[in-house]
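This report refers to the structure that appears directly beneath it.
Letters A, B, ... are given to chains in the order of the sequence lines, protein chains preceding strands, and every chain is numbered from 1. The shown structure was predicted, so the numbers you read here are calculated from the model rather than taken from an experiment.
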Amino acid sequence: MVLSREHRLRGRFVFDRLYQRGQRQHGDLMVLRHLAAQPELLKPDPRDHNPHSCRLGVVVSSKVSKRAVRRNQLRRLLHNHLSQLVRSLPDQAADRWLLISLKPGSAEASAEALLGECSQLLAKAGLRP
RNA sequence: GAAAGCAGGCGAGGUGAUCGCAAUCGGCGUCCGCGCCGGUUGAGGAAAGUCCGGGCUCCCCAAUGGCCAGGCUUGCUGGGUAACGCCCAGUGCGGGUGACCGUGAGGAGAGUGCCACAGAAACACACCGCCGAUGGCCGGUUCGCCGGCACAGGCAAGGGUGCAAAGGUGCGGUAAGAGCGCACCAGCAGCAUCGAGAGGUGCUGGCUCGGUAAACCCCGGCUGGGAGCAAGGCCCAGGGACAACGGUUGGCCAUGACACCCGUCCCGACACAAGCGCGCCGCUCGAGGCCACCGGUAACGGUGGUCCCAGACAGAUGAUCACCCCCGCGCAAGCGGAGAACAGAACCCGGCUUACGUCCUGCUUUCACCC
RNA sequence: GCGGGCGUAGCCAAGUGGUUAAGGCACCGGAUUGUGGUUCCGGCAUUCGGGGGUUCAAGUCCCCUCGUCCGCC
């Protein structure tokens, strides 16, 4: 299951704002940045109907892995996980922006470790199942 | 049967279901922004490395032609191609028992440079050595000459050095020797002949020339230069008013022709910051794929038919389940296992290189065994 | 997309085609000392990232490749 359009972070200004002002939760494998939603910064798209929905993003730089296939796998794994989480917690997640950046070394970690740490960081940020 | 060589194909098996993503088509609805429903399509042989060649776009050389400079791993011959440093066929050389494979393969007889150590000498020679026929000296003499010395001189066979010592081996020849003569081999030149050519074969000749050009270089060949889709174009928001922007990347000649400044209203999402388009096009139909026939040894070409096959912009192509297919165990029911590896489009093609690899197919060689 | 550099011992590194590839730190052994440090002497068995080629000879020249760092739009 891939993130749908209304749950994706889109536009350069959105990412600039998250990097500058987002609150950070650090883990061993990744960094979580989160922020209250500011819908006016989103890249306008007429097909996007819910500006207040939860917005998610996953960043996997080429320092994580030099091979694009591995980066795609990591992105899909986390997208799947986050997509299910957003569905299970619609109320807590509304009006939140979340950005996960993987650190170098996470390419060798197992799927369980990555998803476990992801849930842990989300809990620190206030998102508990 | 084993080992090996070559050529070629394939590379997320098939069907269905559920939840999702991207593009597109149709229908319905619409507040004209879009929504819903249904259909279709959705990574690769290397998409990679970026090592070459192009297409396309803009800038510069005014344009066209030419010359020079510069550049080029361009370098046997003939062909293929839009082009190539690629491909095909052949020649020579090298390797392998063989099938077959490799090949940067012009010139050292234009010039310059280098050839460490060793060695006498590395475009030039005599250390050890051989001889001393001819001269010279000494002795003898039957006055013909003989013996000795190694002074002049001759030689480069043998030894030694080295990657390499100037044709090799053998016989003759000689004072000793030497292509000095001869036979064979290798090389060179000329002639004849075969071939489209690189070259092959044969005959004759005089006997002879170190290596290195992936050292500089010479010769032949090719070539306008530069930037790259973040190219570039369009729309407008806006900006500037004698400033801004452009005149960026070789020279010369035909030709009067590159300037002591020139041109134009200009720039344009670029203009101090803030703010203002996270705009549109380019963007996928192409030297295109597949099939058949014809020409060609082949690379490839021609004709006809047929198909439309990713176009994102924080960037899609994913997850789960069931059955069938395959393998192992088992009489069977059934149980267990594998479907991988290398790897992810970003303007597009043709090559090369590298990574990976299972399965399959065909042909051939060598060895062993049987008939 | 375009372009550039680097790779030599555990670390930092020098190296006009020609002996056995400088040097420093570290490490090891020995000497000196009652012991340790300092000092002195000796050592470090380095496929010069990997493969292939040219050459009599390659760390050096040529080609391919791997890793790594960086620049510009």
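When both pairing distances are held under 3.5 Å, C203(B) makes a Watson-Crick or G-U pair with G190(B). Pairing partner, U77(B): A89(B), with both Watson-Crick or wobble hydrogen-bond distances short of 3.5 Å. Across all strands shown, C28(B) forms a Watson-Crick or G-U wobble pair with G35(B), both key distances being under 3.5 Å. In this entry G1(B) has C367(B) as its Watson-Crick or G-U wobble partner, both defining distances falling under 3.5 Å. As the counterpart of A259(B), no nucleotide is assigned, since no Watson-Crick or G-U wobble pattern has both distances under 3.5 Å.
The phosphate of A314(B) (OP1 or OP2) has no side-chain N or O of Arg55(A) nearer than 4.0 angstrom.
The glycosidic torsion of U264(B) lies more than 90° away from 0, placing the base in the anti range. With a glycosidic angle no more than 90° from 0, A271(B) adopts the syn conformation.
At the heavy-atom level, Arg8(A) lies under 4.0 Å from the strands shown only through sugar-phosphate atoms.
Leu99(A) is not listed as a side-chain neighbour of Leu32(A), based on a closest heavy-atom distance of 4.5 Å or more.
Looking at Arg75(A), its side chain has no donor and acceptor atom pair within 3.5 Å of the base of G344(B).
Judged by closest nucleotide on RNA chain B, Val14(A) is the one of Ala68(A) and Val14(A) placed further toward the 5' end.
With values rounded to the nearest 0.5 angstrom, Met30(A) atom CE is found 10.0 Å from Gln120(A) atom CD.
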